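Values in this document were obtained by computation on a predicted structure and should not be read as measured data.
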Amino acid sequence: MVGQSRKWMILAASVWIQAFTGTNLDFSSYSSDLKSVLGISQVQLNNLSMASDMGKAFGWCSGVCLKYLPLWVVIFLAAFMGFLGYGLQWLVIQGHISLPYSLVILSSLLAGCSISWFNTVCYVLCINNFPANRPLALSLSISFNGVTAALYKLIVNAINSTDSALYLLLNAIMPLIASIGILTLVLQQHPPQALSGGAIHRESCVFLRLVILAACTGVYLLVLHTESVTSSASTLGAILFLILLLITTRIFCAREWAQRTENSSIELQGTSFNSVDLGDLDIKQKLVEIEDSSSPLTRSNGNAYDPEEKRSCCDQKFFKDRLSMLGEEHSVRLLIHRLDFWLYYLAYFCGGTIGIVYGNNLGQIAQSLGYGSEISSFVSLYSACSFFGRLLSAIPDLLGDNMYYPRTGWLVLGLVPTPIAFLLLVSSGSQTALRTATAFIGLSSGFIVTAAVSMTAELFGPVSTGVNHNILITNIPLGSLLYGLLAALLYQRNIRSSNLLVLMDGSTVCIGRQCYSETFAWWSFISMFGVASGYLLFLRTRAVYSLERNRNWMQYP
């Protein structure tokens, strides 16, 4: 009973960790100053961003450590890596120390590892404590990873809005402080007990209330961004929203405990789990017949009927060896031989990852279009919209059977805003166009990054999620390298034909729409390819999602 109630406090701890550890989202806030201090080119700056994303390729190390070390040890290892990685960069940008470029790359890689390790800890906390509502727990927790940049912007504005190095200082110390703050909650976690159908429904209702509270947090941050509020009171207001979430989960703990105490005798005397309703059996029998009539079916003469007989040769090849059921465990060898996995990989690579790279380059993009003084505002907008996108990934689970749609179909819908945003940037360089596109891309990438965790568990097995999802997100450093390199090379080439801006250190900055217009055109084409890959994945998996829906009806009629 205590374990069941305390899991809400564990969820709150996961939210606090995520809220202060999305430190890769504020890279654009200090990247221009870092470029100037180090005296590096745009390509070399892209390498720093890529090194941070490369840290995600080592996420599997945290999973291995969790098998042998206590959870709190892994949390503090992650905090120490971030403290060291970002701390060194802060000392460099402040001029306190001088490091060769190779060591700055290494510190950026270490900082990226920190983010990945924190994410793994939160995945484990949510999956272990909410097995029945795993997607909802993951969506709520991961969504707060998107508020970090907006939250840090408020803190920086309250201290000194002209000092971009403060972002690096916050990146170094805030995750460590948050880790110390939630330590007691993590140490007190208990293994959850199995839930009945009614308890699962009540748990979903609690998640709905928490999602609404989280949405209010996002609206608050978005309003602050729009009105450019910089007072300390606004920062305290954002922190109070996080505290309110902690208090709310504590209230849910008390209410759940009281309800369980009051109804314990009734549950023991009840016979609902010992009796069988004949009407339910009739419904289940009909569902079985429906299921039998929708997949290898029978003709009226009793012979087996295969729907693929009506398909063309190309269709038969396309649908060959598709998934037969959701949740089937996949080894690494089986995973890489699945066409479904590679369609999934390409959809993420050409959708969510390209949005992340856009966020990393947002500082230079805004500067090139003449909005250098508004960089932190654009980063805050991207962060807030990324938060909403991550929160929207919970929609399929909140709607349930009321508006059932395969999760791969939701993936396609989440991919669509990205090419639209890049086409808008190709057609216009106005501040309105840049803000609209940034909002679209933030929503899209946030949705995909969060939805992918639950989707990996559904398509390729929950037990193997730790390994399989880390294989999937290798597309992030790969995309960071390729997309960022493309943008950097085109940026360097267009310096010659642009209105040059020469900085005090002698470096030149490209000014004008032509600096990134060709990059936006390429990114738009690539993101369209991502939408196409996602749609093909949807076609291959919609049948297995329909089958799973029938099974859920049989289990919870």
Side-chain angles (χ1 to χ4, degrees), residues 19-42 44-53 55 79-112 114-115 147-178 225 228 230-232 234-235 238 359-367 371-383 501 503-507 509:
F20 291 100
T21 58
T23 50
N24 56 327
L25 293 178
D26 61 14
F27 177 77
S28 293
S29 296
Y30 58 84
S31 58
S32 296
D33 287 342
L34 190 62
K35 175 184 176 182
S36 177
V37 169
L38 293 175
I40 55 179
S41 66
Q42 187 67 23
Q44 290 174 307
L45 181 65
N46 173 71
N47 291 338
L48 286 178
S49 172
M50 185 269 295
S52 178
D53 290 332
F80 176 75
M81 286 190 290
F83 180 78
L84 183 60
Y86 286 117
L88 287 174
Q89 293 180 59
W90 178 76
L91 291 173
V92 168
I93 202 172
Q94 288 290 92
H96 296 309
I97 63 172
S98 178
L99 292 177
Y101 177 70
S102 58
L103 287 182
V104 179
I105 285 280
L106 185 60
S107 69
S108 186
L109 176 65
L110 197 61
S114 170
I115 299 169
V147 306
T148 305
L151 194 59
Y152 284 4
K153 181 202 171 187
L154 292 177
I155 299 174
V156 169
N157 287 345
I159 299 173
N160 183 2
S161 60
T162 62
D163 187 3
S164 63
L166 283 174
Y167 286 98
L168 282 168
L169 183 61
L170 292 173
N171 289 351
I173 64 174
M174 290 304 293
L176 180 60
I177 295 174
H225 150 74
S228 301
T230 60
S231 67
S232 301
S234 61
T235 306
N360 291 339
N361 286 269
L362 188 53
Q364 280 67 48
I365 292 171
Q367 187 180 53
Y371 311 122
S373 61
E374 300 290 327
I375 289 177
S376 63
S377 178
F378 285 112
V379 173
S380 180
L381 175 64
Y382 177 86
S383 174
L501 174 64
L503 302 179
M504 294 181 61
D505 60 1
S507 61
V509 176

Could you tell me if the side chain of S377 sits less than 4.5 Å from the side chain of K153, heavy atoms only? yes
Hey, could you give me the CG/CG distance between N46 and N361, rounded to the nearest 0.5 Å? 6.5 Å
Can you list everything that forms a side-chain contact (heavy atoms from CB on, under 4.5 Å) with L88? Sequence neighbours excluded, please. L84, I97, L99, S107
In short, A366 meets F378 closest at the heavy-atom pair CB-CD1, 3.9 Å
Among all residues two or more places apart in sequence or in another chain, which pass the ring pair (Phe, Tyr, Trp, His ring centres under 6.0 Å) test with F20? W16
Find out whether M174 and I177 are in side-chain contact, i.e. whether some heavy atom of one side chain is under 4.5 Å from a heavy atom of the other. yes
Does a donor on one side chain and an acceptor on the other come within less than 3.5 Å for D33 and S164? yes
Taking side-chain contact (heavy atoms from CB on, under 4.5 Å) as the definition, give me every residue that meets it alongside D26, ordered by chain and number, with sequence neighbours left out. S29, Y30, A149, Y152, Y167, N171
Please, which pairs that meet side chain to side chain donor-acceptor pair (under 3.5 Å) have at least one residue in residues 97-106, sequence neighbours excluded? none
My understanding is that only residues two or more places apart in sequence, or in another chain, count here; which of them pass side chain to side chain donor-acceptor pair (under 3.5 Å) with Q364? S31, S32
Under a 3.5 Å distance rule, please check whether S52 uses its side chain to pair with a backbone N or O of L109 as donor and acceptor. no
If you take all heavy atoms of T23 and T148, which pair is closest and at what distance? N-CG2, 4.2 Å
When you measure from the side chain of S28 to the backbone N and O of G359, does any donor-acceptor pair fall under 3.5 Å? yes
Close side-chain approach of I40 and V104, heavy atoms under 4.5 Å: no
Go through the structure and list residues passing side-chain contact (heavy atoms from CB on, under 4.5 Å) with A165, not counting sequence neighbours. W90, I93, Q94, D163
So which heavy atom on Q89 is nearest to which on L34, and how close? OE1-CD2, 4.0 Å
Closest heavy-atom pair, V379 versus L25, reported as atoms and distance to 0.1 Å, is CG1-O, 3.4 Å
Non-neighbouring partners of S49 that pass side chain to side chain donor-acceptor pair (under 3.5 Å), sequence neighbours left out: N360
